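Proteins get letters first, then strands, A, B, ... in listed order; numbering begins at 1 in each. Worth knowing before you read on, the calculation uses all heavy atoms, side chains too, and leaves out hydrogens, waters and symmetry mates. Bear in mind the structure is a predicted one, so any value in this text is a computation, not a measurement.
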Amino acid sequence: MDISLDVREQLNAIVAEVAQKLPEFGAEFQPDVRPADPRHGDFQVNGVLPWAKRNRSNPRAMGEVLLAALHQLDPSACLWDSIEIAGPGFLNFRLKAVSLLAWIQKYGDTHHLADASASILKDKRIVVDFSSPNTAKQMHVGHIRSTVIGDSICRMLAFCGASVVRDNHIGDWGTQFGILIMIIKRKGIELNAIEGDKIEVLENLYREGNQLTQEDPSTLDIARNELVKLQSGDEENFAIWELIVKVSYDEFDKIYKRLDVRFDAVLGESFYRDKVDRVYRELREDGIAEESQGAWVVFHPEHPRFAKQPFIIQKSDGASNYATTDLATALYRTEEFKADEVINITDARQRDHFEQLELTVNKWFGKRELPIPNMTHVTFGTILGKDGKAIKTRTGGTVKLKELLDEAVERASAITRTKNPDLTDEELSKIAETIGIASVRYADLSQNRSSDYQFDWDKMLAFEGNTAPYLLYVIARINGIFRKLGKEADLESVSIPEFESAEEIELAKRLMGFPLALKQALDDLRPHFICAYLYELCGSFNSFYHNNPVLNEDKAVQAKRLLLCKTTLEFLKTGLKLVGIGSIEKM
RNA sequence: GCACCCUUAGCUCAAUUGGAUAGAGCGCCUGCCUACGGAGCAGGAGGUUACAGGUUCGAUUCCUGUAGGGUGUACCA
């Protein structure tokens, strides 16, 4: 009996094969096997009901037919002990205990799990565009979602075998530079000479400059002129721009390092500045863009909304904008990165923009006979404060990401110290950094990304419920067991008996659910399915742990339970890694 | 105005995309430390899934309408 990584899929294939030979079913029948409520079984066939509906026959009777055919299979070769028909026509499978053991022995090791998973998206080339902060400003709380969701999606895709290009499309060519250069020159500031927190200084300068342009309109003209000079290659302004960009990048990198996020390509908008002319030219040549109110725009007559709402690709003053650089970017990703798929991760407010972008790219590339990448816009909701409105500091400002992370680590440190006073200072600071950052990441990723969520320190760092500390605690405890056992924890030489206790069986089944959770998360690019799975896995493990002593006189029983501990530990580590969280030995 | 998204337990969130009796955590009750880490485990109360209809074997999920909230809608990104 061979068992697949995804048992659901395997059962689905078996049922489909049996059904194909039955006159009542045939090749078109979809068994639609799903994990079942434990009260009913381990897996259920749902597909009989819609099939019976389609054929205007009695679902229960159809179920009986399929059941009888499945009963003809050689029981010794089957993964299941029993199949029963229930309700209006569900078929419920109950797996053999030996199937569970076989699965865990085959896939319970991280390498085997990873190898088996890596075939899911093999040979797919996917560009993921995420994080995208703006230069001359600090990253704020609004950037955490794109950064963390994007990173997690990259990790999931890569785990499933895709070739992923992590691309940070930084906003480094915008109008903010006109104002910044104006105020820097006006005040005669030497950027190299700034002491201390340079990004903070730049931010303040921008604020000052912005205010000045409102008070004195003549400075606004100067700012505009500085921007034009920059964009037309003025050396002095370009040098100032380069310095500002460097300061910004250094600051971003500090945050990315703490969050354990990396990029393969950091191509800001400035990178595309010499590539927008081709966009203008080709879209005009191809008759996709037209002139309207002095600007060049793209309408989509076939679309209910975008027939009237333009996609502006060149402003009336001749300058490029977001749409232009995004079109140039799409082209670059197709031609240079050879992307099969492009995933953009931004908040839901940019829905229209990305819809228009995709429509335009499809027409443009279609005409030029370029391969059209599959474009996906992954959206997310807003982070809210306690008042249910978008999160702000007490004084009404934006919450800086750096300060948010610092506070998380501080809070984690304070709590860890009270819970475990025996830790050395060195251990404590390392653990607090992990727990603090993990808590922030996990709080975000454990939510369904499309909804807004309320930010709450206490909930985030709580040690109960679906939180990072709860999961990390389980890891610490399992590590504790292996520390205690030392050399004895060698599983190789012992023959493992079947799982017996209710908790052992439940835990084993839970472990078997890993590929299903991964698939669910992958299909919809929603990491929270992984988090939910890990949380449930911890629940099953804790029940097991509480009722089934691992350290045992009976060495075979001990080995069996150690196998469950080891597999749980590896899956937890692997799952947490997919959401970008590292694990710890103790806490 | 038009379009899109949202409304689930007192609070914060889930629900395998139309499946069986809607699940967790907090808070509120009740048990379990002579225990491999109690940052834990076992249990109880708490729901007309905003409201009104419709579609069907079956609806939190799909359709229509109503109320409330959010977002977008020509030169920001």
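Within the nucleic acid shown, A:N58 has no heavy atom closer than 4.0 Å to any nucleic acid atom. A:K53 comes within 4.0 angstrom of a nucleotide base, judged by non-hydrogen atoms across all strands. A:Q44 comes within 4.0 angstrom of a base, heavy atoms only. Using a 4.0 Å heavy-atom criterion, one finds that A:V297 contacts the bases of the nucleic acid, with or without backbone contacts as well.
Ring-plane geometry between A:F514 and A:Y533 is classed as perpendicular, the angle between the planes exceeding 60 degrees on a 0 to 90 degree scale with a lower cut at 30. The aromatic rings of A:W457 and A:F455 stand perpendicular to each other, their planes meeting at an angle above 60°, with 30° marking the opposite boundary. Between A:W51 and A:F25, the ring planes lie parallel to each other; the angle is under 30°, not in the 30° to 60° tilted range.
Between A:F306 atom CZ and B:C4 atom C1' the separation is 10 Å, expressed in whole Å. Here the C1' atom of nucleotide B:U16 and the CD atom of A:E536 are 10 Å apart, to the nearest Å. Between A:L327 atom CG and B:C75 atom C1' there is a gap of 15 Å when expressed in whole angstrom units. In this structure, A:D458 places its CG atom 12 Å from C1' of B:U12, rounding to the nearest Å. For the pair A:R510 CZ and B:A24 P, the computed distance is 10 Å after rounding to whole Å. Atom OH of A:Y453 is separated from atom P of B:C5 by 23 Å (rounded to the nearest Å). Per the geometry, CG belonging to A:D554 stands 19 Å off P belonging to B:C36, to the nearest Å. Straight-line distance from the CG atom of A:L471 to the C1' atom of B:G25: 13 Å, rounded to whole Å.
Evaluated for a side chain to side chain contact (heavy atoms under 4.5 Å, CB included) with A:W173, the options A:T135, A:V245, A:L230, A:L227 yield exactly one hit, A:L230.
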Each nucleotide N or O in nucleotides 6-9 of chain B that has a protein N or O under 3.5 Å away: list the pair and distance.
none

Polar atom pairs (N or O), protein with nucleotides 38-40 of chain B, under 3.5 Å:
unit_1	atom_1	unit_2	atom_2	d
B:G38	OP2	A:R477	NH1	3.0
B:A39	N6	A:M587	O	3.3
B:G40	OP1	A:F463	O	2.6
B:G40	O3'	A:N542	ND2	3.2
B:G40	O2'	A:R477	NH2	3.4
B:G40	N2	A:H546	NE2	3.4

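For the pair A:A348 and A:K484, both in contact range of RNA chain B, the more 5′-proximal nearest nucleotide belongs to A:K484.
For RNA chain B, each stem of at least three Watson-Crick or G-U pairs (distances under 3.5 Å) is given as range with range: B:1-7 with B:67-73, B:10-13 with B:23-26, B:28-32 with B:40-44, B:50-54 with B:62-66.
The base of B:A74 is paired with the side chain of A:S292 by a donor and an acceptor separated by under 3.5 Å.
For the pair A:S543 and B:A42, the criterion of a side-chain N or O lying under 4.0 Å from OP1 or OP2 is met. Regarding contacts with the backbone of B:C13, every side-chain N or O of A:H528 stays at 4.0 angstrom or more from both OP1 and OP2. Between A:K459 and B:C11, a side-chain N or O to OP1/OP2 separation shorter than 4.0 Å is absent. Note on A:N46: every side-chain N or O is 4.0 Å or more away from OP1 and OP2 of B:A20. For the OP1/OP2 pair of B:U16 and a distance below 4.0 Å, the side-chain nitrogens and oxygens of A:Q520 include no atom meeting the criterion.
Judged by the 6.0 Å and 45° rule, A:K275 forms a cation-pi pair with A:F271. Taking the ring centre of A:Y545 as origin, the terminal cationic atom of A:R477 falls inside the region bounded by 6.0 Å and 45° from the ring axis.
Look at A:R351 and A:E355 and you find no salt bridge, because none of the NZ, NE, NH1 or NH2 atoms lies under 4.0 Å from a carboxylate O.
Inspection of the A:Y470 and A:N542 side chains reveals an N or O donor paired with an N or O acceptor under 3.5 Å.
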Problem - CA sep, side-chain torsions, deciding dist, call: A:R39, A:D37, salt bridge (Lys or Arg N to Asp or Glu O under 4.0 Å) - result: CA-CA 5 Å; A:R39 284 173 298 215; A:D37 185 316; 2.5 Å; yes
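Both geometric conditions, a ring-centre gap below 5.5 Å and a plane tilt below 30°, are not fulfilled together for A:H353 over the base of B:A77.
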